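Just so we're on the same page: letters track the sequence lines, and every chain starts at 1. All values reported here derive from a predicted model rather than from experimental measurement. All values below were derived from every heavy atom in this structure, side-chain atoms included, with hydrogens, water molecules and symmetry-related copies excluded.
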There are 2 protein chains.
Amino acid sequence: MDYFKYKNGRLFCEEIDLDRMSGIKTPFYLYSWNTFKEHFLRFKESFKELDPLICFAVKTCNNLAILKGLARLGAGMDIVSGGELFLSSRAGVPADRVVYAGVGKTAEEIELSIDSGIGFFNVESEPEFIRIEKIARGKNKIMNALLRVNPDEYDKNTHDKTTTGKKGGKFGVDLEHVPAFFEAHGKSDYLKLTGIHIHIGSPIYSAEPYTRAITKMIDLIGKLGEKGFTIKYLDIGGGYAADYEDGASPSWDEYSESIAPLLQPIADNGIKIIMEPGRTISANAGILVTSVQYVKKVDQDRNIIITDTGMHHLIRPALYNANHFIWPANPGEAFSVTERRFDPDFDGLMEYDIAGPICESSDYLAKGRKLPPVAPADRLAVFTAGAYGMVMSSQYNAQPRPAEYMVDEDKVTLIRERENYGDLISKQCDRVITLG
Amino acid sequence: MDYFKYKNGRLFCEEIDLDRMSGIKTPFYLYSWNTFKEHFLRFKESFKELDPLICFAVKTCNNLAILKGLARLGAGMDIVSGGELFLSSRAGVPADRVVYAGVGKTAEEIELSIDSGIGFFNVESEPEFIRIEKIARGKNKIMNALLRVNPDEYDKNTHDKTTTGKKGGKFGVDLEHVPAFFEAHGKSDYLKLTGIHIHIGSPIYSAEPYTRAITKMIDLIGKLGEKGFTIKYLDIGGGYAADYEDGASPSWDEYSESIAPLLQPIADNGIKIIMEPGRTISANAGILVTSVQYVKKVDQDRNIIITDTGMHHLIRPALYNANHFIWPANPGEAFSVTERRFDPDFDGLMEYDIAGPICESSDYLAKGRKLPPVAPADRLAVFTAGAYGMVMSSQYNAQPRPAEYMVDEDKVTLIRERENYGDLISKQCDRVITLG
């Protein structure tokens, strides 16, 4: 669900008719705060019996306004870099609610994290454990580590580029090596190996890969217990899907109905569950608004819409062949869509490819989509763009990055200014360096 | 060729031993000015009989230090956005040497271009011609337009995402529609349709696709002449390859030997030839220097190097499955490589996957590469990273973007500062907007 709805042929974000934003230059990202809020609260409600620590995956959408709002609702943060620690800290998230995953933690990032007093390191490899342990020891600080385990489970519907739970990859430690890891490091005084972490990719379109992976982890926790290693935390990661089309994703209750009963016994036994939803909270909470620049007729049946946004602002179609529902912001009563389908059913639609301005053949937002007839200056909404949208944007082709706006009921707030040409060179300089 | 060479087992950029840069924090891009310079001058020399206007493709590498240097050598600029016009202008490039291509030119970008007095619009579609013509008329300015024609020629070795000369795509006008286009718009008083532009993609690994496309254009120019449309400019675009491995690309003389004789007769007839080399000038002029963070042993035969750079700084491997030669900056005498091959031939190499810190399975710089044994803190050079490197970088995972340095003989200049965490939020704000 989300609060982007058509009423009488016009798109509203909560109480704001997008026509009222026609004076604002496109492209821009537009977020619905109450979508974020309800998503977080409903997700929490679905899993309330487990009383998990819910850490929002900052990598999906990281504007401070969003992180602050989620923090006020009690969210922790799932971070993957020193930069995300900085954002989380700026957003006022209590450090003990922060879990830090990521395969490349630098010494500097680890020091910052220890100094900040983060709750948990999700440790991805043995050399990383050794590095963190050494730094913690040097600072005489005691930290918690969860070992990221590869359950070798995944969803065949997840794109290869975002499947992260397979064996032998850069992420985590393969299951069969976990007992030896605990034997070697499970008694550290400075980096307490208190938990297990899994993250099997994103998006995962059913509960089943989770239940398979969790079953393996419960078994593992039992075996570790027999060897004297008490597990206090199980972080089951994120990856919960989003509605790129209506109903594409299972509901949170559906995930919960399969996942929670498996976890309840260990939660009742005192193991704290940690969850890291990202996309499932943020994706449907944002759209990318763009203006049609040209409609180019290629031949009898082919029309290409050229917009003012593309792979530099939303790289998912180019990088993952991802599909986003796209529809005019003001299509008129006849095309007042109530259900988002890549193949919508209206009379009078035309088929379009929707391209961006970048000089690459991959710079399409979508191909072969049926839309109401579109003309230059029309605005289009690219839906479900709240996750892996702005955070992956670049200045490719020297295009400034877009603004971000947030709607809360009838209030619109600019939360990131559009870049200008000067920003393209703001870090450039001409400074001769003297080397040793 | 380029000026990144191993001497006695240590990597030099021109006269600078990279060991002397060990105090500079990785990752960073490092450019060799004399590689840029020689590439440009040798390219020019190869085509000197044609006396072409050589416009550097700014989209490949756009630091002002580089654009300024090339402009001083007489280069024009091939731009694709208002942002690139801004950069070109800041770099002191005379506007009449600027050609502006790109499918999504906004009204604002067109106005800026006319006000700047650029040499040529490369027009991609009929609605774009109409828009530019109207704006020029409104400003009472006379501008030159080259019509971008799809020759429907390409190189089967070019990645689908960067093939741009195919029929029916977002770029240009299909060949069979060109005569009608000239009939409709060839007599405009404000937007003079004085030329033809082609650009068949990048990289193109042989002269043959060019010669096929140029042959078609010469035929077209003849036919247009018969109808009373005199062509004064033929822009044959860019796409010339680079040496991702030594010898992968034809030499400029090889391109020239096939291309120049075709063009000489029309050049002698007064048609000015325009060329738009980008990658072939910039790719081999830059490397990306990264530090090994971890070496993760996955099983008996598999080792993964985790570096401090990845798809956020160099997206080509993730996006195009592109290969870059990677080698330690200080491998020692035994591994002083003289030839860059993805499958190098030395005793004592080990096989590694080379991954970045980003939380995606696609974040690899290379897989299955043989390298000298590598340890944490070693520096690696990712070669041929001068094109489509920094210009495509993002702050994904809240990672600040890297610095850029330029070497000119024994002088090292910082030409772009490394971003810091504050830069991640420098455009963020919290400003309530009043809508109409």
> Mark yes or no for whether B:Ser81, through its side chain, and A:Asn397, through its backbone, hold a donor-acceptor pair below 3.5 Å.
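Between the backbone of A:Asn397 and the side chain of B:Ser81 there is a qualifying donor-acceptor contact (under 3.5 Å).
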
> Hey, are the side chains of A:Leu87 and B:Ile425 touching, using non-hydrogen atoms and a 4.5 Å cut-off?
yes

> Can you name the nearest heavy-atom pair linking B:Gln399 to B:Ile358, along with the distance?
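So the two residues come closest at CG-CD1, 4.1 Å.
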
> Would you say the side-chain atoms of A:Asn63 pair up with the backbone N or O of A:Ile415, donor to acceptor, closer than 3.5 Å?
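Confirmed, A:Asn63 side chain pairs with A:Ile415 backbone.
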
> Please look at A:Ser393 and chain B and tell me whether the side chain, the backbone, both or neither of the residue comes under 4.5 angstrom of a heavy atom of that chain.
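Backbone of A:Ser393 only, per the 4.5 Å heavy-atom cut-off to chain B.
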
> Is it the case that A:Ser202 and A:Arg279 place a side-chain donor and acceptor less than 3.5 Å from each other?
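A:Ser202 vs A:Arg279: donor-acceptor pair found between side chains.
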
> Considering only heavy atoms, which portion of A:Val58 lies under 4.5 Å from any heavy atom of chain B: side chain, backbone, both, or neither?
neither

> Between A:Leu112 and chain B, with a heavy-atom cut-off of 4.5 Å, which part of the residue counts as in contact: side chain, backbone, both or neither?
side chain

> Given that the side chain runs from C-beta out, which part of A:Ile306 has a heavy atom under 4.5 Å from chain B: side chain, backbone, both or neither?
side chain

> Shorter than 4.5 Å, heavy atoms on both sides: which option in B:Ala101, B:Ser426, B:Ser394 has the most such pairs with chain A?
B:Ser394

> What part of A:Leu85 gets within 4.5 angstrom of chain B, counting heavy atoms only: side chain, backbone, both, or neither?
neither

> Could you check which of B:Cys359, B:Ser125, B:Ala355 has the highest count of heavy-atom pairs closer than 4.5 Å to chain A?
B:Cys359

> Under a 3.5 Å distance rule, please check whether B:Lys296 uses its side chain to pair with a backbone N or O of B:Ile305 as donor and acceptor.
no

> Specify which of A:Thr413, A:Leu414, A:Val298 makes the most heavy-atom pairs with chain B at under 4.5 Å.
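Of A:Thr413, A:Leu414, A:Val298, A:Leu414 has the most heavy-atom pairs under 4.5 Å with chain B.
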
> Can any side-chain N or O of B:Glu417 pair as donor or acceptor with the backbone N or O of A:Cys429 at less than 3.5 Å?
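Between the backbone of A:Cys429 and the side chain of B:Glu417 there is no qualifying donor-acceptor contact (under 3.5 Å).
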
> Please classify the contact of A:Ile24 with chain B as side chain, backbone, both or neither, using a heavy-atom distance under 4.5 Å.
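For A:Ile24, side-chain heavy atoms alone lie under 4.5 Å from chain B.
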
> For A:Asp363, is it the side chain, the backbone, both, or neither that has a heavy atom closer than 4.5 Å to a heavy atom of chain B?
both

> Quick one: does B:His199's side chain get under 4.5 Å of B:Asn122's, heavy atoms only?
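Of all side-chain heavy-atom pairs linking B:Asn122 with B:His199, none is under 4.5 Å.
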
> Sort out for me which of A:Arg431, A:Glu84, A:Lys297 touches chain B most, counting heavy-atom pairs under 4.5 Å.
A:Arg431

> For chain B, which of A:Gly310, A:Gly422, A:Pro127 has the most heavy-atom pairs under 4.5 Å?
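Sorted descending by pairs with chain B, the first entry is A:Pro127.
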
> Using a distance-only test with no angle check, is there a side-chain donor-acceptor pair under 3.5 angstrom linking B:Thr26 and B:Ser291?
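Their side chains do contain a donor-acceptor pair, which is all the 3.5 Å distance test asks for.
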
> Relative to chain A, which segment of B:Arg20 carries a heavy atom at a distance below 4.5 Å: side chain, backbone, both, or neither?
both

> Under 4.5 Å heavy-atom distance to chain A, tell me which part of B:Glu404 shows up: side chain, backbone, both or neither.
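Neither part; nothing is under 4.5 Å.
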
> Please classify the contact of B:Arg418 with chain A as side chain, backbone, both or neither, using a heavy-atom distance under 4.5 Å.
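Contact with chain A is through the backbone of B:Arg418 alone.
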
> So, for B:Phe181 and B:Phe129, is the gap between ring centers shorter than 6.0 Å?
yes

> So which heavy atom on A:Leu435 is nearest to which on B:Met21, and how close?
CD1-CG, 3.9 Å

> When heavy-atom pairs shorter than 4.5 Å are enumerated against chain A, which of B:Gly201, B:Ser362, B:Ala107, B:Ser22 gives the highest number?
B:Ser362

> Flag the one option from B:Lys59, B:His177, B:Met392 with the top tally of heavy-atom pairs under 4.5 Å to chain A.
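Of B:Lys59, B:His177, B:Met392, B:Met392 has the most heavy-atom pairs under 4.5 Å with chain A.
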
> Tell me whether A:Lys427 at atom NZ has more than 12 heavy atoms from other residues, nucleotides or ligands lying less than 6.0 Å away.
yes

> Assess, by modelled atom type and distance only, whether the side chains of A:Glu126 and B:Tyr294 contain a donor and an acceptor separated by less than 3.5 Å.
no

> Which bit of B:Lys170 is near chain A, if near means a heavy-atom gap under 4.5 Å: side chain, backbone, both or neither?
both

> Tell me, for A:Lys105 versus chain B, whether the close heavy atoms (under 4.5 Å) come from the side chain, the backbone, both or neither.
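Backbone plus side chain of A:Lys105, per the 4.5 Å heavy-atom cut-off to chain B.
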
> Given that the side chain runs from C-beta out, which part of A:Arg302 has a heavy atom under 4.5 Å from chain B: side chain, backbone, both or neither?
side chain

> Are any non-hydrogen side-chain atoms of B:Ile132 and B:Val123 less than 4.5 angstrom apart?
yes

> With respect to chain A, which residue among B:Val173, B:Ile304, B:Asn62 yields the maximal number of heavy-atom pairs within a distance under 4.5 Å?
B:Ile304

> Can you say whether A:Lys25 sits under 4.5 Å from chain B via the side chain, the backbone, both, or neither, judging by heavy atoms?
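Contact with chain B is through the side chain of A:Lys25 alone.
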
> Are A:Arg131 and A:Ile110 packed together at the side-chain level, in the sense that at least one heavy-atom pair is separated by less than 4.5 angstrom?
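A side-chain contact under 4.5 Å exists here.
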
> May I ask you to name which of A:Gly172, A:Gly102, A:Gly23 has the most heavy-atom pairs under 4.5 Å with chain B?
A:Gly172

> Please flag which part of A:His312 lies under 4.5 Å from any non-hydrogen atom of chain B: side chain, backbone, both or neither.
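Neither the backbone nor the side chain of A:His312 comes within 4.5 Å of chain B.
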
> Quick one: which of B:Ala403, B:Ala318, B:Ala65, B:Pro376 has the most heavy-atom pairs under 4.5 Å with chain A, could you say?
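Sorted descending by pairs with chain A, the first entry is B:Ala318.
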
> Taking every non-hydrogen pair under 4.5 Å, which of A:Gly169, A:Gly356, A:Gly82 racks up the most with chain B?
A:Gly82

> Below 4.5 Å, heavy-atom pairs only: which of A:Tyr405, A:Tyr320, A:Tyr396 has the largest tally toward chain B?
A:Tyr396

> Measure A:Met311 against the heavy atoms of chain B and call it side chain, backbone, both or neither at under 4.5 Å.
side chain

> Strictly distance-based, threshold 3.5 Å: is any side-chain N or O of B:Gln395 a donor or acceptor partner for the main-chain N or O of B:Pro400?
no

> Distance-only, no hydrogens or angles: does the A:Asn420 side chain make a donor-acceptor pair with backbone N or O of A:Asp423 under 3.5 Å?
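Here the side-chain-to-backbone pair exists.
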
> In terms of heavy-atom proximity below 4.5 Å to chain A, should B:Glu176 be classed as side chain, backbone, both, or neither?
neither

> Need one label for A:Phe86: side chain, backbone, both or neither, based on atoms under 4.5 Å from any heavy atom in chain B.
side chain

> Is it the side chain or the backbone of B:Met406 that comes within 4.5 Å of chain A heavy atoms, both, or neither?
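For B:Met406, there is no contact with chain A at all, as no heavy atom is under 4.5 Å.
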
> So for B:Phe171, is it side chain, backbone, both, or neither that comes closer than 4.5 Å to the heavy atoms of chain A?
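Contact with chain A: backbone and side chain both.
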
> Using distance alone, with no hydrogens and no angle criterion, decide if B:Glu109 and B:Tyr100 have a side-chain donor and acceptor under 3.5 Å apart.
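Yes, a side-chain donor-acceptor pair sits under 3.5 Å.
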
